[in-house]
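No experiment lies behind these values; they were computed from the predicted model shown. Every chain is numbered from 1, with letters handed out A, B, ... down the list of sequences.
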Number of protein chains: 2
Amino acid sequence: MKKLILAAMLGVSMWCHGQSVSSPSKEITLDFKLIDGKPTYAVMFKGNPIVKTSELGIKLKSGGDLTSGFAIDSVGRFLVNESWKPVLGEQSTIVNHYNQLTVALSQPTGGRRLNLVFRVFDEGVAFRYEFPRQPKLNYFIVTDEVTQFNLTGDHKAFWIPGDYDSQEYVYTETPLSGIDNQKVDMNNGIAMKSLNSRYRVQAPLMMKSAGGLYVNIFEAAVVDYPVMHLDVDTKQFRLTAHLTPGALGDKAYLQAPCHTPWRTVMVSDDARDIVASKMILNLNEPSKIDDTSWIKPMKYVGVWWEMHVGKSTWDYAGSQNAQNNQTGELIASGKHGATTENTKRYIDFAAKHGFDGVLVEGWNVGWEDWFNNWKEDVFDFTTPYPDFDLKAVNDYAKSKNIKMIMHHETSGSVGNYERHMDRAFDLMKRYGYPALKSGYVGRIIPRGEFHDGQAMVRHFNFAARRAADYKLMVNSHESVRPTGYHRTYPNYIAAEAARGNEFNAWSTGNNPMHETILPFTRLLGGPMDYTPGVFEIKMSAYDPTKKEQVHTTLAKQLALYVTMYSPLQMAADLPENYEKHPDAFQFIKDVELDWDDSKYLEAEPGDYLTVVRKTKGKDTWFLGAVTDEDARKSTIALDFLPKGQKFLATIYGDAPDAHWEKNPKAYKIRKIEVTSKSKIDLNLAAGGGTAISFEPK
Amino acid sequence: MKKLILAAMLGVSMWCHGQSVSSPSKEITLDFKLIDGKPTYAVMFKGNPIVKTSELGIKLKSGGDLTSGFAIDSVGRFLVNESWKPVLGEQSTIVNHYNQLTVALSQPTGGRRLNLVFRVFDEGVAFRYEFPRQPKLNYFIVTDEVTQFNLTGDHKAFWIPGDYDSQEYVYTETPLSGIDNQKVDMNNGIAMKSLNSRYRVQAPLMMKSAGGLYVNIFEAAVVDYPVMHLDVDTKQFRLTAHLTPGALGDKAYLQAPCHTPWRTVMVSDDARDIVASKMILNLNEPSKIDDTSWIKPMKYVGVWWEMHVGKSTWDYAGSQNAQNNQTGELIASGKHGATTENTKRYIDFAAKHGFDGVLVEGWNVGWEDWFNNWKEDVFDFTTPYPDFDLKAVNDYAKSKNIKMIMHHETSGSVGNYERHMDRAFDLMKRYGYPALKSGYVGRIIPRGEFHDGQAMVRHFNFAARRAADYKLMVNSHESVRPTGYHRTYPNYIAAEAARGNEFNAWSTGNNPMHETILPFTRLLGGPMDYTPGVFEIKMSAYDPTKKEQVHTTLAKQLALYVTMYSPLQMAADLPENYEKHPDAFQFIKDVELDWDDSKYLEAEPGDYLTVVRKTKGKDTWFLGAVTDEDARKSTIALDFLPKGQKFLATIYGDAPDAHWEKNPKAYKIRKIEVTSKSKIDLNLAAGGGTAISFEPK
């Protein structure tokens, strides 16, 4: 009886096998249908199919699959239109506006129930599977998810291989029919790969149809569930969810009531709608941290890039020598980067230039054979090397008003990290560290688990929650790519979880297109600690035999501080390199990290991106524009500025002869007075960029 | 050069393929031989072969096996004759006396090195594999161990199935040729079984040859290595080591320098030598805890047996109902055992009768669906049920001078326990708990790991070490069976790790033979928390429909306090049952837990055991005698008592008409005056026993 009333109240036509729900704008429509007892959905945009009829369902280890034999029990609908304020973000207020359709299904044979919940936003659709509390389904094991995305054509796609352990690939741009992991250069500097299918790619998968529609498939709120990769049928253009397995090959261990993450399909005829979308964040739970006053943006330098360029080492006793030495004792190599003295040098530099923090990697015992050995007891996260005086460093930092950023490399030995986590966080509180950078290079222990499996998803979220207990901010590297959990735990301030700038120092590097794709993929899920700001572009500066280089101009490195949103930003390069270019360095010193608003002015995945952001609580604006390997000219109208006010625009651009490979360090800085009626011509070199600060006069 | 000098110093004949080493008594000889490059050994006792030529070696995942192609590099020998004092034990001083032979092997092809180290004691031999620091072997994965024990005949054996997850079986007594796990009744109350071979048994394996020799095969100092089970060739009487696998099927992940546990073969023509042996303890490392003043024996009662007999429940909301309820909220069933009020009743009882401690199980949230669900977040180890007031209970206990024993059931979710361990131990320190009982019922998480695998061995040892950081004593249930680690961490005070008394309450129970075998098997590795002292033998007392019963007489329950050595002893039964038998209860109140010396007067595995122990630092003695299903008479000479001193012997014996099944509660207590010249006739009923206290007059 209750069910009937509910249905009536919600104006539902029951016993109907098909249901539709549209976006508030009416431009996007999702159709749900039971076809012969099998749940399916389809998505239309402005009347054109985007996702053709596609199957839905979950396979279980026992008791029968939740894929067919269904009848509709009831249907519920509602509209949400609300707004909320993120602690830190690209904008101070986020609107959450969608229509929801809930279809309650049951299997007359077997008596199991499954709800499908669809939300349609103006930027796309999201749906998830919900397993209500029910007598016939309590604990259960998911062996597969059959969710399909049956696409309408051979779209252009920007893809990386569906690796269970790494997202640190450059993107390949091909039609869907051209996806093939065997085409990918695997000599790419990735330490740890687990790839077992030629036609599997990762989400977010950014695509563009022949008709000019931008389509993005991703997921949101991955909590207690594995990461979804996508198996590609390169002939039918059908994508199928592939969940990362655990050690035993099972996908997820669940207990009802529970639900899967949201599966998302964003669609627009304007690429800017995709990068600007807050749909992924909206699909996550609100903050569970009441007092967020301790969560603050941080701009930092660190003892870090000098190891990447080979000037010093993480380890104290030798250079990443995995062979243990004759005596087992540590003998200083003299090349250790994380010394008290060197750290003080960085603290001095940070204080002089107004940075918030200093990161030190390699401060703690364990780096001599930390990597690639599947070793369990690598680090204890509390024992410094003999040449790193924890107390002296922290006292000195305090005296200079600099916050130290703790570093916890786990080497993939996650059980070991969890065993030591309370002690490690206690140590941080004792010395006043407000934030930590964690690392997960290497094969996971518990052995058999993958970085993208349910167990590790649980770990990364657990680490954020436990850090919140101590009021610590987390920036994880080599972790699961974020899917908006930082809305729920805003102290999960950033992650790497994609190919960062570091690869430019010692591998084939990141092609000039790379940073024009990340905002359409990785950044949809959360801020990335990309570590921009490298001024000494070519590694031959350190060693004439080296061919590696950063694949951008110096000006583009500045622009990345704006285009790659993160409330945690590193100035990655060495102090001495910044001191050679104080004029360009001024932008890094000035740029803000937290925003009232952001406007994407130009965007095309794989080609270019221009964004302007207004500082939170201040009348300053910062613009970043980047291009791929092609030089680019455009004209930007400054109508985002408040009317009638004069601003000093400082434009950090590529010099006319700049080129990411041939002449990367050629930049030109000019200052002009502008108003909201002004226009600025952008001239981006090949692999170049422009950064602009606007200050009221 | 150094090698040659060493060899010369030690009087070694190099380049010889055979080496012998004998026990200090000369009765046992071990021969090592390289046969076609394969290492082998054989053991003789008084000139007769005990272990015929048997292969040795380790198989590796990569780089070739360490099983053949060896040459002898050098041979070293030395004699050790020392003594040491355990913190708690069966005797205050332990003699460690053996001859050691070290054979350094290398593979000319491949260049890898392996040392075999043999120790020959008067009670048997021990050997282990050592992997020295070497350029060609750093990190490595053991896939198998080929250690053989090539026995000389179809010995009688007391065996339990080679299960990776449980040792909670009753023993089966057959010749080696009769070993077959398909013969074992699996409807035996064991919650979690992992058995995949018909002919695999567990160590310690106790045997008796047709010629009357007692042979026991076990291992010592299992640290960072899996448990060894034994694959039985029932025709050739050859046992082969079978290591418990990890989640991926590999056996051990190691880094040189390191070594395996000791493999042991004890042999004697007197069964008493086996039960009295301290060889397993001697093979472990000395204590790593400097200040051991906080490690103390404890006699305790607890809110525990009442759950086993069905009087109350562990959980607050229902009786082990794994189906979550409609609302997900806890609703009191009214049968919860661990209430503040009930706990105070036990504290009162403990204080009145001079016990040290009170255990409370079911005090913390999580028991509603704790078991059999492979659930990860079952317990947090810190949140009490609403009807258990942690502070009030502990304040009350303190006022009565009673120590509370904490309970940590993990439900096999070990990663979860490790994540919470520091917090759980902090809580204990805050309230003054000196000891904890941990439990590991159920399938292990990390999933795919077994209770007996390397990962779990590491966990159990880690738990002891971390508890030592907090000065806490540990008593683990459903853990790996001990192999002497309590010498190294004496706070690892006891373990269950075999079929305990609890099985008598709700399963087929423990046959009367059971307690006559455990001292020859499980107890060789360390103290067992068997939880004796059940006076209400038959479960029909609680529920007339119940057929279950304890398979001993009441008097035998008393004797177990002496025959089953442990410095942690529970009086398992309910206070009201003890109050019905205050005269018999007196023995439990009187019996001591820590000893200056122990003498095994009579022993035959599977038949009977009589031991007498002298209290540490006091002139009191306690004797325990147990028999199997056969009644037994014997006469004990009291020549262990000091000469010339009179003692009051209080004899707690079976009544003449006692019988474990027909009349178990019939006991008789008599007091007599004795001296070292006296003799006492023991009259043990079928399934019976006798306990005696000797106090100086």
Side-chain angles (χ1 to χ4, degrees), chain A residues 61 133-141 224 245-250 253-258 321-328 369 372-378 413-426 443-449 453-455 458-459 462-463 465-466 469, chain B residues 61 133-141 224 245-250 253-258 321-328 369 372-378 413-426 443-449 453-455 458-459 462-463 465-466 469:
Chain A
K61 188 126 179 177
R133 198 184 297 278
Q134 55 189 296
K136 299 285 177 65
L137 193 71
N138 186 11
Y139 289 98
F140 61 101
I141 298 175
D224 200 10
L248 298 179
D250 300 323
Y253 302 88
L254 300 176
Q255 180 182 18
C258 62
N321 181 4
Q323 285 288 344
N324 47 352
N325 64 30
Q326 255 334 96
T327 62
D369 56 357
N372 234 349
N373 300 309
W374 225 0
K375 180 178 176 178
E376 185 155 0
D377 298 329
V378 192
S413 186
V414 174
N416 179 55
Y417 186 35
E418 293 188 346
R419 255 171 241 140
H420 291 88
M421 202 178 265
D422 272 318
R423 292 164 180 228
F425 290 177
D426 265 341
R443 276 191 290 184
I444 298 300
I445 305 177
R447 294 185 181 88
E449 299 294 345
Q454 184 192 22
R458 288 174 58 93
H459 166 77
F462 167 74
R465 292 195 304 273
R466 180 147 290 189
D469 286 355
Chain B
K61 187 125 180 177
R133 196 183 297 278
Q134 53 189 299
K136 297 285 177 64
L137 193 70
N138 185 11
Y139 288 97
F140 60 103
I141 298 174
D224 201 11
L248 299 180
D250 300 324
Y253 301 88
L254 300 176
Q255 180 182 19
C258 62
N321 181 3
Q323 285 289 344
N324 47 351
N325 63 29
Q326 256 332 97
T327 62
D369 56 355
N372 234 349
N373 300 310
W374 225 0
K375 180 177 175 177
E376 184 154 0
D377 297 329
V378 191
S413 185
V414 174
N416 180 53
Y417 187 34
E418 293 189 345
R419 255 171 241 139
H420 291 88
M421 200 177 267
D422 272 317
R423 292 163 180 229
F425 290 177
D426 266 340
R443 277 190 289 185
I444 298 299
I445 305 176
R447 295 186 181 88
E449 299 294 344
Q454 183 192 24
R458 289 175 56 94
H459 166 77
F462 166 75
R465 293 195 304 273
R466 179 147 292 188
D469 286 355

> Distance from A/Q255 atom CD to B/W374 atom CH2, nearest 0.5 Å?
Replying inline: 15.5 Å
>> Can you confirm if the NZ or CZ of A/R419 lies within 45° of the ring axis of B/F462 and under 6.0 Å from the centre of its six-membered ring?
In response: yes
> Out of B/I445, B/D377, B/V414, which one racks up the most heavy-atom pairs below 4.5 Å with chain A?
Replying inline: B/D377
> Between B/E449 and B/R458, is there a side-chain N and carboxylate O pair less than 4.0 Å apart?
Replying inline: no
>> On a heavy-atom basis, which atom in B/C258 and which in B/F140 lie closest, and how many Å separate them?
In response: SG-CZ, 3.8 Å
> Given the options B/K375, B/H420, B/R447, which has more heavy-atom pairs under 4.5 Å with chain A than any of the others?
Replying inline: B/R447
>> Is A/N372 close to chain B through its backbone or its side chain, or both, or neither, when contacts mean heavy atoms under 4.5 Å?
In response: neither
